[in-house]
Amino acid sequence: MIITLPDGSEREFPAGLTGLEIASSIGKKLAQDALAIVVDGDLRDLDTAIVSNASVSIVTFDSAEGKNIFWHSSSHLMAQAIEELWPGTKFGAGPAIEQGFYYDISSTERFGEEELRQIEAKMVEISGRNSTVRREQMPREQAIEFFRNIRKDPYKVEILEETLKDVKTVSVYHQDGFADLCSGPHLPATGKIKAVQLSNVSSSYWRGDSSRETMQRIYGISFPSEKLLREHTARMEEARKRDHRKIGAELSLFMLTPEVGSGLPIWLPKGAIVRNELETFLKEEQRKRGYLPVYTPHIGNIELYKRSGHYPYYSDSQFPPLTYKDETGREEQYLLKPMNCPHHHLIYSSALRSYRDLPIRLTEFGTVYRHEQSGELNGLVRARGFTQDDSHIYCRPDQLVDEICSAIDLTRFVFRTLGFDDVETRLSMHDPANQSKYGGTSEVWEQAEKDVKEAADRMGISYFIGIGEASFYGPKIDFIVRDAIGRKWQLGTVQVDYVMPERFDLAYIGSDGQKHRPVVIHRAPFGSMERFIGVLIEHTAGNFPLWLAPVQVVVLPIAEDVHDYARSIHTKLHEAGIRAEIDLRSEKIGKKIRESEISKIPCMLVIGRNEQEKGEVSLRRHRKGDEGCYGVSDIIALLRKEIDQRS
RNA sequence: GCUGAUGUAGCUCAGUCGGUAGAGCACUUCCUUGGUAAGGAAGAGGUCAUCGGUUCAAAUCCGAUCAUCAGCUCCA
């Protein structure tokens with residue numbers, strides 16, 4: 001038979017050769033690293049015999065598929081270890097996840113740190129046995145018997161009887177005395193798993209259903225070598241160091257206190273500077289692009305949100321209504337504003353609009369309040385009070401695609417300026433199988449999704465489709481950025497809405513003198529200011545670019561005899577609109593520099609007798625070091641230029 | 001909201017068997033006036049998250065509440 005390899009080369013092999021044998025023929029290292037194979041596009045076990053011509057590639061840990069198989073097998077290994085330590089434990093689901101694996105188990109034992117270490121040790125021991133992993137195909141009925149009577153695992157039986165009820169033949173993987181229902185593929189033997197780390201235990205509902213029993217979910221990650229595990233641990237450490245909650249406290253950017261309320265961030269003066277700079281930046285850009293600023297109140301009559309449809313869809317994630325009774329006993333209810341759109345729609349319909357007026361782009365940094373579940377709260381990234389850079393574009397259907405494109409363009413401009421270079425785009429579409437989640441007719445949805453796709457294609461962005469990710473009123477384009485250490489965050493969004501114009505009876509007079517329905521685009525490049533800044537802090541590790549830094553320059557006199565000269569520099573910086581501080585303490589220069597470095601101040605101007613005599617300053621950049629001497633007006637011009645260019 | 005863990009000085013963290021609170025950094029004062037990541041000395045700083053219980057005695061044991069963290073579920 002002829003086997004085609006990924007590089008296009010063809011090789012002749014006797015029929016019936018296994019994947020491992022093919023890997024061995026290519027190289028010894030590859031045979032060692034081989035975890036599975038892809039035969040004509042299908043993932044298979046490494047010991048699969050190949051009987052006819054096929055294209056074959058060898059899967060190793062370096063690929064996404066390889067990691068997936070590796071971690072999935074690791075979850076089986078963990079289950080085996082748990083079973084050997086605590087016989088009788090029942091097993092639910094145990095998949096690979098983005099960073100590792102978990103297994104949901106049911107046991108009378110309460111698992112904690114100590115048990116995790118015990119399980120890890122057992123896993124390493126089983127890995128040392130290098131037990132063969134064997135696949136067995138059997139009819140579903142036989143598998144039910146097997147799991148009911150031999151394995152005695154009711155969860156596997158339930159999966160076989162319900163989820164897999166239409167499947168004839170299933171596969172079971174065996175390793176030593178352990179067996180698990182699984183479609184595979186799996187590692188050829190347990191010995192491939194050289195390093196494991198179980199991270200934590202949490203709870204989960206069996207089949208994600210809160211009415212079913214809770215299980216203990218054990219998370220872990222594993223690697224084919226100790227070295228890879230160490231690297232992973234170092235990455236986790238780096239993520240901890242960059243945690244925006246930690247940096248936010250260290251740099252006095254924001255605070256959260258139960259005295260104000262859970263999930264209600266307070267911006268400290270330094271954090272407020274960052275936020276204000278970002279707002280100014282976007283306002284400037286939006287002014288160039290024809291947006292009209294508006295302001296709307298923080299509370300609104302509940303009827304407004306009932307009309308928009310938000311209230312029934314989201315009543316459980318809002319703060320309870322404020323109820324007000326007047327002298328006559330008439331009752332009114334107000335809601336803390338959960339979103340800005342209804343207010344903007346009212347602004348739109350406050351005047352008669354002509355087709356010549358469109359598009360109208362209303363914009364506001366609108367603060368909204370949502371009662372997020374307590375377990376969801378996470379610093380700035382998930383808060384209960386936050387400010388959206390929210391705009392609504394009212395346009396004619398023939399202008400829609402252009403307007404979506406320009407919203408995409410603005411969003412990309414914002415990301416580029418802030419240094420988010422790795423951006424994924426998701427077209428969030430509705431799920432036709434779950435129509436009750438959405439407003440509007442299916443024709444309207446079809447049109448909206450077509451428009452979104454057309455705009456994305458025209459802007460030349462590569463995207464993927466997310467079914468069921470749409471909002472209740474329309475499809476979205478969601479921008480997911482990857483930060484400096486590879487984590488993904490959803491930030492900006494552009495959403496098309498044919499539903500709200502109906503609900504609010506929005507209209508414009510067309511060239512035919514008749515009333516027509518405009519289309520609305522909701523868009524927010526930052527998304528929420530809180531969330532965006534939280535992510536920006538983690539992306540930059542608190543090392544803000546000069547234009548955003550709360551303190552841009554610190555003047556560091558070496559000794560008291562140059563204090564007057566240092567003060568004069570400080571004053572000049574201040575007059576040039578540069579945020580500057582001066583450190584007049586009687587500390588040594590080394591200490592002043594150290595503290596400025598820790599405070600992540602981008603520029604330090606070191607001033608001693610030499611500088612004073614020549615009328616210069618010595619520039620030291622954060623994390624870069626000494627950059628030599630500059631004349632006073634030169635340094636101001638240099639910094640001013642850097643700030644103005646937002647570079 | 002659910003499951004689990006945690007809560008001690010502004011920050012990071014010790015605190016053994018239940019016996020009345022400790023370090024480093026930061027802060028204040030004094031000395032020191034220096035050349036690119038920590039000069040020295042002294043001082044001040046705590047209702048041990050809150051409320052209740054057990055006990056002669058609670059930071060420590062028990063319960064409730066609040067908050068935080070991890071995960072689940074959810075996300076206009």
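To find a chain, count down the sequence lines: A is the first, B the second, and so on, and within it residues start at 1. Every value quoted in this text rests on a predicted model; they were computed, and no experiment measured them.
The residue A:Y102 sits apart from the nucleic acid: no heavy atom pair falls under 4.0 Å. Residue A:S596 is classed as having no contact, given no heavy-atom separation below 4.0 Å to the nucleic acid. Counting non-hydrogen atoms under 4.0 angstrom, A:R217 reaches the backbone sugars and phosphates but no base. At a threshold of 4.0 angstrom between heavy atoms, the contacts of A:N610 include nucleobase atoms, whether or not backbone atoms are also involved. Here A:K588 lies in heavy-atom contact (under 4.0 Å) with a base. Looking at heavy-atom distances under 4.0 Å, A:G590 makes contact with sugar-phosphate atoms alone, never a base. Backbone-only contact: A:I589 has heavy atoms under 4.0 Å from sugar-phosphate atoms and none from a base.
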Pairs under 3.5 Å (N/O, protein and nucleotides 44-46 of chain B):
none

Do any N or O atoms of the protein come closer than 3.5 Å to N or O atoms of nucleotides 74-76 of chain B, and which pairs are they?
unit_1, atom_1, unit_2, atom_2, d
B:rC75, O2, A:R382, NH1, 2.9
B:rC75, O2, A:R382, NH2, 2.3
B:rA76, O4', A:Y314, OH, 3.4
B:rA76, N6, A:S317, O, 3.3
B:rA76, N6, A:S317, OG, 2.5
B:rA76, N1, A:Q318, OE1, 3.3

Distances under 3.5 Å between protein N/O atoms and the N/O atoms of nucleotides 65-68 of chain B, please, pair by pair.
unit_1, atom_1, unit_2, atom_2, d
B:rU68, OP1, A:S262, OG, 3.1
B:rU68, OP2, A:S262, OG, 3.1

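At a cut-off of 3.5 angstrom, the base of B:rG10 holds no donor-acceptor pair with the side chain of A:E250. Judged by distance alone with a 3.5 Å cut-off, no donor-acceptor contact links the side chain of A:S586 to the base of B:rU33.
With a 3.5 Å ceiling on both atom-pair distances, the Watson-Crick or G-U wobble partner of B:rC30 is B:rG40.
For A:Y219, whose side chain is taken as the heavy atoms from C-beta onward, the closest listed nucleotide among B:rG71, B:rC69, B:rC27 is B:rG71.
Across B:rC66 and B:rA49, the matching C1' atoms stand 8 Å from one another, rounded to whole Å.
Ring-plane geometry between A:Y348 and A:Y394 is classed as parallel, the angle between the planes falling under 30 degrees on a 0 to 90 degree scale with a further cut at 60.
Where A:G375 and A:V606 meet RNA chain B, the nucleotide closest to each residue was compared, and A:G375 sits on the side nearer the 5' end.
A salt bridge between A:E237 and A:K241 is absent, with no side-chain N of the basic residue lying under 4.0 Å from a carboxylate O of the acidic one.
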